[in-house]
Undergrad: 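I am attaching a structure below and will ask some questions about it afterwards.
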Amino acid sequence: MRARRKKWAPGELAHNPLIIRELEKYQSLKDFFPNQAPLYLEIGCGKGRFATETSRRNPDVNYIALEREEVILAAAARLASSREVGSLAFMLADVNDLAEYFKPGDISRMYINFCDPWPGRKKHAKRRLTHDNFLAKYQELKIPEIHFKTDNRSLFEFSIESFSRCKWLVENISLDLHNGNFPDNIMTEYEEKFSPHGPIYRLEAKPPTQA
């Protein structure tokens with residue numbers, strides 16, 4: 001479901017300094033930042049809480065939050081502009097196009113938080129961001145680690161199977177994140193809203209070359 005239109009969103013997209021524009025002019029979006037700090041990428045930033053807080057806590061890291069919905073991206077950038085943040089930027093793009101914007105080795109860590117589980121028909125499995133096809137793309141980009149969270153148990157089990165089948169190392173698994181030993185967890189808006197209704201699942205994964 002697409003987000004509802006907001007009258008202020010076009011202005012935010014056009015003028016918010018945290019949004020990367022003219023993506024095509026960069027050989028790699030890592031060059032957007034004036035330094036060579038490690039780059040963390042979030043896929044699907046929602047309303048921006050996770051990106052804003054992660055950036056604030058890690059001022060020595062360059063952080064990019066990707067979102068494909070314009071209104072949601074505008075809301076996230078608007079929130080970040082009102083808070084104290086570190087080296088943070090937002091981009092309007094699709095995860096399928098990562099290779100157009102980043103070179104292998106550019107991304108030091110990737111976050112996938114509460115992505116669409118694509119339940120139902122078996123053919124939809126290829127759209128899940130932890131499907132084998134996506135894992136191959138992440139490996140081509142030499143992303144050394146992925147941090148993954150979901151409240152969907154079926155997606156979590158599917159993801160563990162995908163990582164294992166593709167020889168990724170899966171570690172720091174939690175079947176109930178909020179009652180586990182992860183004191184530094186940063187909640188997304190979605191996570192705060194839905195965690196009272198069931199457990200949050202979390203894992204970290206490293207590709208075969210990093211395991």
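Heads up: numbering here begins at 1 and tracks the sequence.
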Undergrad: Does NZ or CZ of R127 lie under 6.0 Å from the centre of the six-membered ring of W118, at an angle within 45° of the ring axis?
TA: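 The answer is yes; both the distance and angle limits are met.
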Undergrad: Just how far is it from atom CZ of F134 to atom NZ of K126, taken to the nearest 0.5 Å?
TA: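 If we round to the nearest 0.5 Å, F134:CZ and K126:NZ are 11.5 Å apart.
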Undergrad: What is the minimum heavy-atom distance between F158 and R128, and which atoms define it?
TA: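 Here F158 and R128 meet closest at CD1-NH1, 3.3 Å.
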Undergrad: If you look at every heavy atom in I186 and K149, which pair is closest and at what distance?
TA: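 Heavy-atom minimum between the residues: O-NZ, 2.9 Å.
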Undergrad: Please, which pairs that meet side-chain hydrogen bond (donor to acceptor under 3.5 Å, both in side chains) have at least one residue in residues 43-53, sequence neighbours excluded?
TA: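 As it turns out, the side-chain hydrogen bond (donor to acceptor under 3.5 Å, both in side chains) pairs with a partner in residues 43-53, which skip direct neighbours, are R49-E192, E53-R56, E53-R57.
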Undergrad: For the hydrophobic clusters of this structure (ILVMFWY residues joined by side-chain heavy atoms under 4.5 Å, transitively), does one cluster hold both V170 and I112?
TA: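 Yes, it is one cluster - the side chains of V170 and I112 are joined through contacts under 4.5 Å.
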Undergrad: Judged by atom type as modelled, is there a donor-acceptor pair below 3.5 Å linking the side chain of E67 to the main-chain atoms of E69?
TA: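 Side chain of E67 to backbone of E69, a donor-acceptor pair under 3.5 Å: yes, one is there.
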Undergrad: Would you call L169 and E171 a side-chain contact if the rule is heavy atoms closer than 4.5 Å?
TA: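 In contact.
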Undergrad: Do H178 and M187 pass the side-chain contact (heavy atoms from CB on, under 4.5 Å) test, and can you show the C-alpha distance, the side-chain angles, and the key distance before you say yes or no?
TA: CA-CA 10 Å; H178 293 177; M187 285 201 292; 3.4 Å; yes
Undergrad: Measure the shortest side-chain to side-chain distance between R153 and L155 over non-hydrogen atoms and say whether it is less than 4.5 angstrom.
TA: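 No, too far: nothing below the 4.5 Å cut-off.
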Undergrad: Quiz question: by atom type and distance under 3.5 Å, do the side chains of S195 and D151 form a donor-acceptor pair?
TA: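 The criterion, which ignores hydrogens and geometry beyond distance, is not satisfied for D151 and S195.
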Undergrad: Hey, are the side chains of N181 and P183 touching, using non-hydrogen atoms and a 4.5 Å cut-off?
TA: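 Sidechains of P183 and N181: in contact.
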Undergrad: Distance check, rounded to the nearest 0.5 Å: L92 atom CG versus L23 atom CG?
TA: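 Spacing of CG (L92) from CG (L23) equals 7.5 Å.
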Undergrad: State whether the number of non-hydrogen atoms from other residues, nucleotides or ligands found under 6.0 Å of E204 atom CD is greater than 12.
TA: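 Check passes, neighbour count above 12.
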Undergrad: Is there a side-chain contact between L98 and L41 in this structure, where contact means two heavy atoms from C-beta onward sitting under 4.5 Å apart?
TA: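 The answer is yes, as the side chains (C-beta and beyond) meet within the 4.5 Å cut-off.
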Undergrad: List the atom of G48, the atom of L79, and the distance in Å for their closest heavy-atom pair.
TA: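 Nearest heavy atoms, G48 then L79: C-CD2, 3.8 Å.
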Undergrad: Once rounded to the nearest 0.5 Å, what's the spacing between atom CD1 of I64 and atom CE of M91?
TA: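 Separation between the atoms: 6.5 Å.
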Undergrad: With side chains defined as the heavy atoms from C-beta onward, is the minimum distance between N96 and K137 less than 4.5 Å?
TA: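 N96 vs K137: side chains touch.
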Undergrad: Shared ILVMFWY cluster between F32 and L141, side chains joined below 4.5 angstrom?
TA: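 Same hydrophobic cluster.
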Undergrad: Under 3.5 Å, is there a donor-acceptor pair between the side chain of R21 and the main chain of A14?
TA: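 Between the backbone of A14 and the side chain of R21 there is a qualifying donor-acceptor contact (under 3.5 Å).
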Undergrad: Between the side chains of K206 and E145, is the shortest nitrogen-to-carboxylate-oxygen separation below 4.0 Å, so that they form an ion pair?
TA: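 No.
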Undergrad: Between the side chain of N16 and the main-chain N/O of L13, is any donor-acceptor distance below 3.5 Å?
TA: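 It does not hold such a pair.
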Undergrad: Evaluate the side-chain proximity of D132 to R165: yes if any heavy-atom separation is below 4.5 Å, no if none is.
TA: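 A side-chain contact exists here, since the closest heavy-atom pair is under 4.5 Å.
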Undergrad: If you compare all heavy atoms of A77 against all heavy atoms of L18, which two are closest, and at what distance to 0.1 Å?
TA: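 Smallest heavy-atom distance, with atoms named: O-CD1, 4.1 Å.
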Undergrad: Measuring from atom OG of S81 to atom CD of E12, what distance do you get when rounded to the nearest 0.5 angstrom?
TA: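 Between S81 OG and E12 CD, I get 6.0 Å after rounding to 0.5 Å.
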Undergrad: Give a yes or no on whether I146 and Y101 share a hydrophobic cluster (residues Ile, Leu, Val, Met, Phe, Trp, Tyr; joining criterion: side-chain heavy atoms under 4.5 Å apart).
TA: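 Both belong to a single hydrophobic cluster.
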Undergrad: By the rule that ILVMFWY residues connect when side-chain heavy atoms come within less than 4.5 angstrom, directly or transitively, which residues belong alongside L177?
TA: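 When side chains under 4.5 Å apart are linked, the cluster holding L177 also contains F114, F182, Y190, F194, I200.
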Undergrad: Is there a path of hydrophobic side-chain contacts, each under 4.5 Å between heavy atoms, that joins L66 and V85?
TA: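 Per the 4.5 Å side-chain linkage, L66 and V85 are not co-clustered.
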Undergrad: Answer yes if the side chains of N185 and E191 hold a donor-acceptor pair under 3.5 Å, and no otherwise.
TA: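 Yes, because at least one side-chain N or O of N185 sits under 3.5 Å from a partner of the opposite role on E191.
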Undergrad: Any side-chain to backbone donor/acceptor pair from N152 onto S154? Under 3.5 Å, distance only.
TA: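 Such a contact is found between N152 side chain and S154 backbone.
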Undergrad: Rounded to the nearest 0.5 Å, what separates atom NZ in K6 from atom CZ in R78?
TA: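 It comes to 9.5 Å.
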Undergrad: Is the closest side-chain heavy-atom distance between K30 and N62 below 4.5 Å?
TA: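 Answer no - side chains too far apart.
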Undergrad: CG/D31 to CZ/F102 distance, rounded to the nearest 0.5 angstrom?
TA: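 Separation between the atoms: 10.5 Å.
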Undergrad: I'd like to know if L73 and W8 are part of one continuous hydrophobic network [Ile/Leu/Val/Met/Phe/Trp/Tyr, side-chain heavy atoms within less than 4.5 Å].
TA: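 No, it is not one cluster - the side chains of W8 and L73 are not joined through contacts under 4.5 Å.
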Undergrad: Take M110 and I43 through the test side-chain contact (heavy atoms from CB on, under 4.5 Å) and record every step on the way to the result.
TA: CA-CA 7 Å; M110 188 166 76; I43 303 299; 3.7 Å; yes
Undergrad: Does I107 reach the side chain of Y138, with side-chain heavy atoms less than 4.5 Å apart?
TA: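 No. Closest side-chain heavy atoms not under 4.5 Å.
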Undergrad: Please work out whether the ring planes of F148 and F156 are parallel, tilted or perpendicular, with thresholds of 30° and 60°.
TA: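 F148 and F156: parallel rings.
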Undergrad: What residue among F50, Y40, Y111 forms ring pair (Phe, Tyr, Trp, His ring centres under 6.0 Å) with H147?
TA: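 In the set F50, Y40, Y111, the residue that makes a ring pair (Phe, Tyr, Trp, His ring centres under 6.0 Å) with H147 is Y111.
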Undergrad: Looking at S87 and S55, what are the two nearest heavy atoms and their distance?
TA: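 Closest pair (atom of S87, atom of S55, distance): N-OG, 3.6 Å.
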Undergrad: Check for a donor-acceptor pair, side chain of D97 on one end and backbone N or O of E100 on the other, with a separation under 3.5 Å.
TA: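 No; zero donor-acceptor contacts below 3.5 Å.
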Undergrad: Just checking, any donor-acceptor pair under 3.5 angstrom between side chains of T188 and N113?
TA: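 N113 and T188 do not have a side-chain donor-acceptor pair below 3.5 Å.
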Undergrad: Name the orientation class of the two ring planes belonging to W168 and F163 (parallel below 30°, tilted from 30 to 60°, perpendicular beyond 60°).
TA: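 W168 and F163: tilted rings.
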Undergrad: Could you tell me which non-hydrogen atom of C166 sits nearest to which non-hydrogen atom of L135, and how far apart they are?
TA: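 So the two residues come closest at SG-CD1, 4.0 Å.
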